[in-house]
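Presented below is the structure to which this report refers.
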Amino acid sequence: MSQPVAFLTRKETFSACHRLHSPHLSDAENAEVFGKCNHINGHGHNYTVEVTVRGPIDIRTGMVMNITELKNALDKVVFKDLDHKNLDKDVDFFKKTPSTTENVCVYIWDNVRQHLQHPELLYEVKIFETDKNSVTYRGPYNQNGHYLSLIQKRSAKTSCNNISSDSD
């Protein structure tokens, strides 16, 4: 008989500001692509993030993962690194990478994995930047559209570099 598999999700909220601006575009292109979200002074969001792990339910503990481990990983990544920060100025990752919600998902995915005893259990990071807009990231995948091994490290070839506007 196979072990049952379950999904465990932790939900948190954090506040941060940013300016949608890509170093790969001219000022005119940035203004055209990002519109009001490219304003020189930036803007803020009250983000909601959901991080989900997936795995077999341990026969001994009855859990996929101790929720405290997931909570501690989110505390280190979301609250220490992102909460009440200017993403573009306070987080090194975003100094050269546009701080789109897609890239915030990638940042959280990559960094939460580093704090889990079993990073292969990480299934999904979902961020709601507004009540109407959300982004879901389930890790990198290859050119054939198949997800890479969850154990495999991300490289420049598999990085998410999507650019999108976060206007309502």
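- The shortest side-chain heavy-atom distance between T97 and Y107 does not fall under the 4.5 Å cut-off.
- Placement of V112 and V91 within a single hydrophobic cluster is found when ILVMFWY residues are connected by side-chain heavy-atom separations under 4.5 Å, directly or transitively.
- C105 pairs with exactly one of V49, D110, V135 by the side chain to side chain contact (heavy atoms under 4.5 Å, CB included) rule, that one being V135.
- Between V104 and F94 there is a side-chain heavy-atom pair separated by less than 4.5 Å.
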Which is it for T61 and N66 under the side-chain contact (heavy atoms from CB on, under 4.5 Å) test, yes or no, and what are the steps along the way?
CA-CA 9 Å; T61 65; N66 188 322; over 6 Å; no
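- When the side chains of ILVMFWY residues are joined at heavy-atom separations under 4.5 Å, either directly or via intervening members, V77 and L8 end up in a single hydrophobic cluster.
- Residue E32 qualifies as open at atom CD: its count of foreign heavy atoms under 6.0 Å is 12 or below.
- Residues T52 and K126 form no side-chain contact, since every pair of their non-hydrogen atoms from C-beta on lies 4.5 Å or further apart.
- When all heavy atoms of A73 and L116 are compared, the closest pair comes out as CB-CD2, 4.0 Å.
- At distances below 3.5 Å, not a single donor-acceptor pair connects side-chain atoms of E124 with backbone N or O atoms of R138.
- When the side chains of ILVMFWY residues are joined at heavy-atom separations under 4.5 Å, either directly or via intervening members, I127 and F93 end up in a single hydrophobic cluster.
- Note: H43 and H18 have tilted aromatic rings, judged against thresholds of 30 and 60 degrees for the angle between ring planes.
- Between the side chains of H21 and N38, a donor-acceptor pair is found at a separation under 3.5 Å.
- In this structure, M63 and D58 have side chains that are not in contact, with every pair of non-hydrogen atoms separated by 4.5 Å or more.
- Taking CD from E12 and CG from D75, the interatomic distance works out to 6.5 Å, rounded to the nearest 0.5 Å.
- Side-chain contact between I108 and Y137: absent, with no pair of heavy atoms (C-beta onward) separated by less than 4.5 Å.
- L20 CG to S99 OG: the interatomic distance, rounded to the nearest 0.5 Å, is 5.5 Å.
- E29 and S26 get closest at one heavy-atom pair: OE1-N, 2.8 Å.
- Under a cut-off of 6.0 angstrom, the local environment of NZ in K11 is sparse, with at most 12 non-hydrogen atoms contributed by other residues, nucleotides or ligands.
- One distance of note links NZ of K85 with SG of C17; it measures 11.5 Å at 0.5 Å rounding.
- Residues L25 and V33 meet the side-chain proximity criterion, which asks for heavy atoms closer than 4.5 Å.
- Atom NE2 of H45 and atom CZ of F14 lie 9.5 Å apart (nearest 0.5 Å).
- Here the closest non-hydrogen pair linking L121 and M65 is CD1-CE, 4.1 Å.
- Under the 3.5 Å distance criterion, the side-chain polar atoms of H39 are matched with a main-chain donor or acceptor of N41.
- Distance check: R113 CZ to E120 CD gives 8.0 Å after rounding to the nearest 0.5 Å.
- In this structure, I67 and T9 approach most closely via the heavy-atom pair CD1-O, 4.5 Å.
- Judged by distance alone, the side chain of R10 and the main-chain N or O of V51 form no donor-acceptor pair under 3.5 Å.
- Of the inter-residue distances, the one linking T130 atom OG1 with N46 atom CG reads 11.0 Å to the nearest 0.5 angstrom.
- Side chain of E69 to main chain of Q117: a donor-acceptor pair is present (N/O by atom type, distance under 3.5 Å, no hydrogens or angles).
- Using a 4.5 Å heavy-atom cutoff, the side chains of D92 and K95 are in contact.
- Looking only at side-chain heavy atoms (C-beta outward), D83 and S15 come within less than 4.5 Å of each other.
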